[in-house]
Number of protein chains: 2
Amino acid sequence: METDDSGPLRPRERIIRTARELFRRHGVRGVGVDAIAEQAGTNKMTLYRHFGSKDDLIVACMRDVALEGDQIWIDLESAHPGDPLAQLHVWLREAAECVVGDSRGCDMANAAVELAETDHPARHVIEECKTAHRNALAKLCREAGIAKAELLADSLWLLLEGAQVSSQSIGAAGPSAHLIAIGEAMIAAYAQQAPKAKTKARAAVSA
Amino acid sequence: METDDSGPLRPRERIIRTARELFRRHGVRGVGVDAIAEQAGTNKMTLYRHFGSKDDLIVACMRDVALEGDQIWIDLESAHPGDPLAQLHVWLREAAECVVGDSRGCDMANAAVELAETDHPARHVIEECKTAHRNALAKLCREAGIAKAELLADSLWLLLEGAQVSSQSIGAAGPSAHLIAIGEAMIAAYAQQAPKAKTKARAAVSA
DNA sequence: ACTGGACGTTACCGGTCTGTAACATTGCCC
DNA sequence: GGGCAATGTTACAGACCGGTAACGTCCAGT
């Protein structure tokens, strides 16, 4: 009932992993530090020795989520090197994976909703990470030769964010279930107007 | 410092209004019943005599939000009677009004995020209301003669939900700021393919 | 073998939260 | 005016939370 995965991981790592899971399931305000420590197979004192406060732990978890999220861009490039349009389609499919089953949506967006105070330290991390991801998506759209790349990126971005939050209010079987079809239609609509380059547009990587 | 608007309204109405405002500002878990009662110019006992529990109060607030949201469909019809396409454009502009300034997004979506337990009574109200609104939007798209009406409705729906949640994580100046432009482009893209009828399509109201 | 740092255990503090009990007060309606 | 329902006031219970203090334990490096 207590140990979660007390294998080779140090307490700090176990705490972050456990905290992320519990935060995800119950929300950052819905779980106490005592429950986190116990579930991580340690105790509250050790938790407070690694993280000065619960807010610090939340920030650390957000940074962990951000680090994990950055990996997708590396995976995309390695999956379809030099083919940004193909990467864009894979991105969409990866995004759709975030809203299957009894999804809890995006950890960061959820945390931003729960931490209503705009000056909460975690909010800065969330804003930075979200902005970085949106910019990376826009970069992908530009490199894919999309004319209105910024607008397509914002469109896809809002679609994903909406799908994640909508899966919690309406349910994953609602509009969120059509995320791929909607996204594909949108990419097609933006790709057909004044494309600077077609697929495999290696030459357009400059900007 | 205490009375909020103790005019002609009965305590029950004052409590709901105050609770909605405080829930919106601080989240449903971020404000206590005592603060709500005091801000509403009454006390905790009266609150508990009208609402058996805090959860009941949350449900009542969600129903109040739902009732308020239903009004938009009446307003749309009266603004452009018999012109569903025009209503659709006005809907988009009304939607964009929800993500201006320091928006806190959608009260219902936020509550769904905070109330992580899927069996919370408020979740049912939220799901019903959200589904009803999405269906009303789809009905508008069908009546506007859009071929893939359901898909356009889901697209616009995800855009709005995404804009509302994104305004809290990235900020209202991010992708959410382009909601109108994105939505217009999407409506245009769906309207140009196999339109069953053009504007003022009174004949297409059957289905 | 010693030592120092990381970790575990227990107990506690002060605060806040939801929810209730008992009682006083107001105001409306007959 | 008398009575009754709605409301206000105070106090309290029980639980939980974030955070800290004091002390014990273990293990790696020298």
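The analysis underlying the following values was restricted to heavy atoms, covering all of them including side chains, and did not include hydrogens, waters or symmetry mates. Here is the naming used below: chain letters follow the sequence lines, and residue numbers restart at 1 for every chain.
- Sorted by first and then second residue, the ring-ring contact (aromatic ring centres under 6.0 Å, His included) pairs involving residues 127-156 of chain A (not counting sequence neighbours) are A/Trp73-A/His133.
- Ion pairing between B/Lys44 and B/Glu38 fails under the 4.0 Å rule for side-chain N and carboxylate O.
- The CG atom of A/Leu22 sits 12 Å away from the P atom of D/dG18 (whole-angstrom rounding).
- Where B/Pro11 and A/Arg49 each meet DNA chain D at their nearest nucleotide, the meeting point lying more 5' is that of B/Pro11.
- The distance from atom CG of A/Leu47 to atom P of C/dA6 is 16 Å, rounded to the nearest whole Å.
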Taking only nitrogen or oxygen atoms into account, show me every contact under 3.5 Å that the protein makes with nucleotides 19-21 of chain C, one pair per line with its distance.
unit_1	atom_1	unit_2	atom_2	d
C/dG19	OP2	B/Tyr48	OH	2.9
C/dG19	OP2	B/Lys54	N	2.7
C/dG19	N7	B/Lys44	NZ	3.2
C/dG19	O6	B/Lys44	NZ	2.3

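- At a threshold of 4.0 Å, the pair B/Glu68-B/Arg20 counts as salt-bridged, since one of the basic side-chain nitrogens sits closer than that to a carboxylate oxygen.
- Going from atom CD1 of A/Ile36 over to atom P of D/dC16 covers 16 Å, rounded to whole Å.
- Side-chain nitrogen and oxygen atoms of A/His50 include at least one within less than 4.0 Å of the OP1 or OP2 phosphate oxygen of C/dC7.
- One interatomic measurement links the two molecules: CG of B/Leu57 to C1' of C/dC17, which rounds to 15 Å at whole-angstrom precision.
- Salt bridge A/Arg25/A/Glu21: present, at least one basic N to carboxylate O contact under 4.0 Å.
- Between A/Arg123 and A/Glu117 there is no salt bridge, since none of the side-chain N atoms of the basic residue sits less than 4.0 Å from a carboxylate O of the acidic one.
- Contact annotation: A/Arg10 reaches the phosphate of C/dC7 (side-chain N/O to OP1 or OP2, under 4.0 Å).
- Nucleotide D/dG18 holds its P atom 13 Å from the CG atom of A/Asp56, rounded to whole Å.
- Atom NE2 of A/His26 and atom C1' of D/dC17 are 16 Å apart (whole Å).
- Look at CG on B/Asn43: it is 15 Å from P on D/dA6, rounded to the nearest Å.
- Salt bridge status for A/Arg134 with A/Glu161: absent, with no side-chain N to carboxylate O gap under 4.0 Å.
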